[in-house]
Asks: 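Okay, here's the structure, questions in a sec.
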Amino acid sequence: MMKEMLEQYLQTKGFFKLTSKLSEVAVLVKFENNLANILQIIDYTNDLYLDREQYEEVKDSLRSMFHERGISETHILSLILTENEKKSELLTKDDPFSWLVQTQTTRLIIEEDKQPDFYGMRGLLEDFLTKYKEDPSQFVLPEEEKEGGWKESVSAYLKKAPYITISLIAINLVMCFGCIFNPRFFYGEGCIGLSYLLDGDFYRLITAMFLHGSLDHFFSNMLLLYFLGDMLENKVGRIRFLIIYMLTGILGNLTSCFYEYIANMEYVSYGASGAVFGLIGMLFCLVIQKDERIKISMPAMLFMVVYCVYSSFAGIQINVAAHLGGLISGMLLMLANIRMKREA
């Protein structure tokens with residue numbers, strides 16, 4: 001809310017707002033001859049994930065955009081709206097043209113190694129924060145002056161929508177209808193079991209992930225998939241999310257086949273549960289790593305894991321091996337991913 005009000009205030013002071021691909025980032029510019037003074041406002045109070053490399057890339061892209069339009073000199077100040085000063089200071093550590101606004105205390109923070117002013121911007125921000133603290137409602141646009149309204153809300157959702165998750169649900173839905181109208185073909189050609197694997201039908205490790213035994217089975221898995229996917233996909237990246245989802249589903253099915261072998265049993269199985277449990281393992285890993293992008297407490301996460309494992313053992317005709325295989329592989333794959341990113 002503060003970001004939108006600050007945008008409105010600065011536009012009354014001669015700044016022009018530019019289109020931004022991220023709803024959490026606003027770019028305002030004021031031109032003086034052949035010079036562009038640019039203010040980049042980053043709302044860091046939400047779930048935005050931005051590391052230092054991405055932060056610098058955003059600033060570089062702004063410079064390039066103006067240079068391509070014949071603006072030879074650009075000055076960029078980053079203003080970070082935050083509730084966590086330490087986290088934001090790490091993001092802007094080596095950037096002298098960066099200030100913080102502590103949104104909870106409505107305080108402008110300019111460290112000693114930062115530029116003390118930026119073409120009068122300090123005075124404008126202090127004036128805005130004083131007025132905002134006194135009465136924030138003075139910056140609220142009347143309903144008839146608001147642009148976009150529900151269209152902007154839809155647009156903001158579409159930018160963040162978990163498209164991979166939605167696509168996976170759509171594929172599962174198509175396969176679910178296939179199982180209803182032609183069960184002999186879909187179950188016969190798609191389910192997984194050790195005998196099929198020994199015959200070389202490795203494709204079943206994937207196809208079995210998209211089959212379900214009933215509408216209840218389908219809906220319970222898809223509700224969990226959407227809940228977890230909406231939380232995780234944009235935070236870890238769409239491609240990484242898809243890779244981990246598929247790998248945990250495959251590893252869950254392999255675990256099921258391995259249990260079938262050591263228990264000297266013979267059965268077939270299907271369902272997205274192994275992959276969904278992989279997402280639970282992935283989420284659990286992020287929580288124990290104290291990832292600030294995930295707003296789930298450790299007790300709540302532990303309860304979720306214990307409840308899901310208990311339900312697997314307590315239920316009837318549930319492939320516990322696939323569930324546990326997916327859960328553990330999700331944890332291990334996410335830990336490996338975190339370690340790779342740290343070493344990069």
Side-chain angles (χ1 to χ4, degrees), residues 47 49 51 87 162 164-165 167-169 172 192 197 202 204-206 208-210 212 217 220-263 269-315 318-344:
D47 294 334
Y49 175 66
D51 59 29
K87 175 184 172 184
I164 297 296
T165 301
S167 300
L168 289 169
I169 292 172
N172 274 279
I192 184 68
L197 209 57
F202 299 111
R204 293 174 181 269
L205 291 169
I206 295 175
M209 294 164 53
F210 297 94
H212 290 86
H217 187 202
S220 61
N221 274 339
M222 293 306 101
L223 284 171
L224 261 178
L225 173 55
Y226 185 81
F227 168 74
L228 294 164
D230 187 48
M231 190 183 304
L232 292 168
E233 184 177 319
N234 288 315
K235 293 178 176 62
V236 301
R238 289 192 172 103
I239 300 301
R240 189 177 291 113
F241 173 84
L242 177 60
I243 290 171
I244 293 178
Y245 178 86
M246 295 301 295
L247 283 177
T248 53
I250 292 170
L251 291 168
N253 285 333
L254 282 172
T255 306
S256 172
C257 291
F258 178 70
Y259 176 75
E260 188 180 346
Y261 171 74
I262 63 173
S269 65
Y270 39 78
S273 303
V276 171
F277 267 69
L279 297 183
I280 295 172
M282 184 178 173
L283 179 62
F284 179 72
C285 180
L286 290 173
V287 172
I288 63 175
Q289 290 287 318
K290 298 182 179 178
D291 192 310
E292 293 180 351
R293 297 168 294 168
I294 305 298
K295 309 297 182 183
I296 296 181
S297 67
M298 178 58 77
M301 188 68 242
L302 284 171
F303 176 81
M304 180 179 183
V305 172
V306 171
Y307 176 76
C308 288
V309 172
Y310 167 77
S311 299
S312 299
F313 282 98
I318 291 179
N319 193 334
V320 178
H323 287 195
L324 295 180
L327 180 69
I328 295 169
S329 62
M331 292 179 190
L332 294 176
L333 287 169
M334 196 61 212
L335 280 171
N337 175 69
I338 292 170
R339 185 171 181 177
M340 286 166 54
K341 287 187 71 176
R342 286 175 178 172
E343 292 176 353

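Keep in mind that the numbers below use all heavy atoms, side chains included, and drop hydrogens, waters and symmetry copies.
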Asks: Verify side chain to side chain contact (heavy atoms under 4.5 Å, CB included) between V236 and I244, making sure each step is shown before the conclusion.
Replies: CA-CA 10 Å; V236 301; I244 293 178; 5.9 Å; no

Asks: Rounded to the nearest 0.5 Å, what separation is found between the CG atom of L242 and the CG atom of L247?
Replies: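 One finds 9.0 Å between CG of L242 and CG of L247.
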
Asks: Any side-chain heavy-atom pair from L225 and L168 closer than 4.5 angstrom?
Replies: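 Yes. Closest side-chain heavy atoms under 4.5 Å.
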
Asks: How far apart are the C-alpha atoms of I288 and F284, what are their side-chain angles, what is the distance that settles it, and do they pass the side chain to side chain contact (heavy atoms under 4.5 Å, CB included) test?
Replies: CA-CA 6 Å; I288 63 175; F284 179 72; 3.7 Å; yes

Asks: At what distance, to the nearest 0.5 angstrom, does CG of L327 lie from OG of S273?
Replies: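 The OG atom of S273 is 12.0 Å from CG of L327, to the nearest 0.5 Å.
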
Asks: Nearest 0.5 Å, please: how far is CG in L251 from CG in L205?
Replies: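 Rounded to the nearest 0.5 Å, the CG-CG separation comes to 9.0 Å.
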
Asks: Hey, does Y307 have a side-chain heavy atom less than 4.5 Å from the side chain of S311?
Replies: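 SC-SC contact between S311 and Y307 confirmed.
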
Asks: Quick check: do N337 and M334 have side-chain heavy atoms less than 4.5 Å from each other?
Replies: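 A side-chain contact under 4.5 Å exists here.
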
Asks: Restricting to non-hydrogen atoms, name the atom on Y259 and the atom on A321 that form the minimum distance, rounded to 0.1 Å.
Replies: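 Looking at all heavy atoms of both residues, the shortest contact is CB-CB, 3.8 Å.
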
Asks: Considering non-hydrogen atoms only, spot the tightest contact between C257 and L197 and give its length.
Replies: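 So the minimum-distance heavy-atom pair works out to SG-CD2, 3.9 Å.
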
Asks: Do you know which two heavy atoms are closest between T255 and G325, and how far apart they sit?
Replies: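 That closest heavy-atom pairing would be OG1-CA, 3.5 Å.
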
Asks: Check step by step if side chain to side chain contact (heavy atoms under 4.5 Å, CB included) holds for L232 and L283.
Replies: CA-CA 7 Å; L232 292 168; L283 179 62; 3.9 Å; yes

Asks: Using the side chain to side chain contact (heavy atoms under 4.5 Å, CB included) definition, which of the options R204, M209, E260 pairs with I192?
Replies: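 The option that passes is R204.
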
Asks: Apply side-chain hydrogen bond (donor to acceptor under 3.5 Å, both in side chains) to S312 and list each qualifying residue two or more places apart in sequence or on a separate chain.
Replies: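 S312 satisfies side-chain hydrogen bond (donor to acceptor under 3.5 Å, both in side chains) with H323 once adjacent residues are dropped.
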
Asks: Looking at residues at least two apart in the chain, or sitting in another chain, which of them share a ring-ring contact (aromatic ring centres under 6.0 Å, His included) with Y245?
Replies: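 Listed in chain order: nothing, the list is empty.
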
Asks: Rounded to the nearest 0.5 Å, how far does CE of M282 lie from CE of M231?
Replies: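 Here the rounded value is 11.5 Å.
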
Asks: Over all heavy atoms of both residues, which pair between A272 and N221 is shortest? Give the atoms and the distance, please.
Replies: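 A272 and N221 have their closest heavy atoms at N-ND2, 3.6 Å.
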
Asks: If we only count heavy atoms from C-beta on, is the T165 to M222 side-chain gap below 4.5 Å?
Replies: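 With C-beta onward as the side chain, the pair stays apart.
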
Asks: Decide yes or no for I206 and N253: does some side-chain heavy atom of the first lie under 4.5 Å from some side-chain heavy atom of the second?
Replies: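 Not touching, per the 4.5 Å side-chain cut-off.
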
Asks: Can you give me the closest heavy-atom contact between I338 and C285, atom names plus distance?
Replies: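 In this case the closest contact between I338 and C285 is CD1-SG, 4.0 Å.
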
Asks: Within the structure provided, determine whether M304 and I296 are in side-chain contact (heavy-atom separation under 4.5 Å).
Replies: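 M304 does not reach I296 side chain to side chain.
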
Asks: Holding to ring-ring contact (aromatic ring centres under 6.0 Å, His included), I want the full list of residues that pass it with H217, two or more places apart in sequence or in another chain.
Replies: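 Testing H217 for ring-ring contact (aromatic ring centres under 6.0 Å, His included), a comparison that skips the adjacent residues, returns H212.
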
Asks: Pair L224, L279 - check side chain to side chain contact (heavy atoms under 4.5 Å, CB included), show working.
Replies: CA-CA 9 Å; L224 261 178; L279 297 183; over 6 Å; no

Asks: What pair of heavy atoms forms the shortest contact from A208 to S269, and how long is it?
Replies: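 Closest pair (atom of A208, atom of S269, distance): CB-O, 4.0 Å.
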
Asks: Heavy-atom count around I239 CD1 within 6.0 Å, excluding the residue itself: above 12?
Replies: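 No, CD1 of I239 has 12 or fewer neighbouring heavy atoms, counting only those of other groups under 6.0 Å.
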
Asks: So do F313 and L324 actually touch side chain to side chain, heavy atoms under 4.5 Å?
Replies: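 Yes. Closest side-chain heavy atoms under 4.5 Å.
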
Asks: Where the side chain of D230 meets the backbone of Y226, is there a donor-acceptor pair that is under 3.5 Å apart?
Replies: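 Looks like no, no N/O pair under 3.5 Å.
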
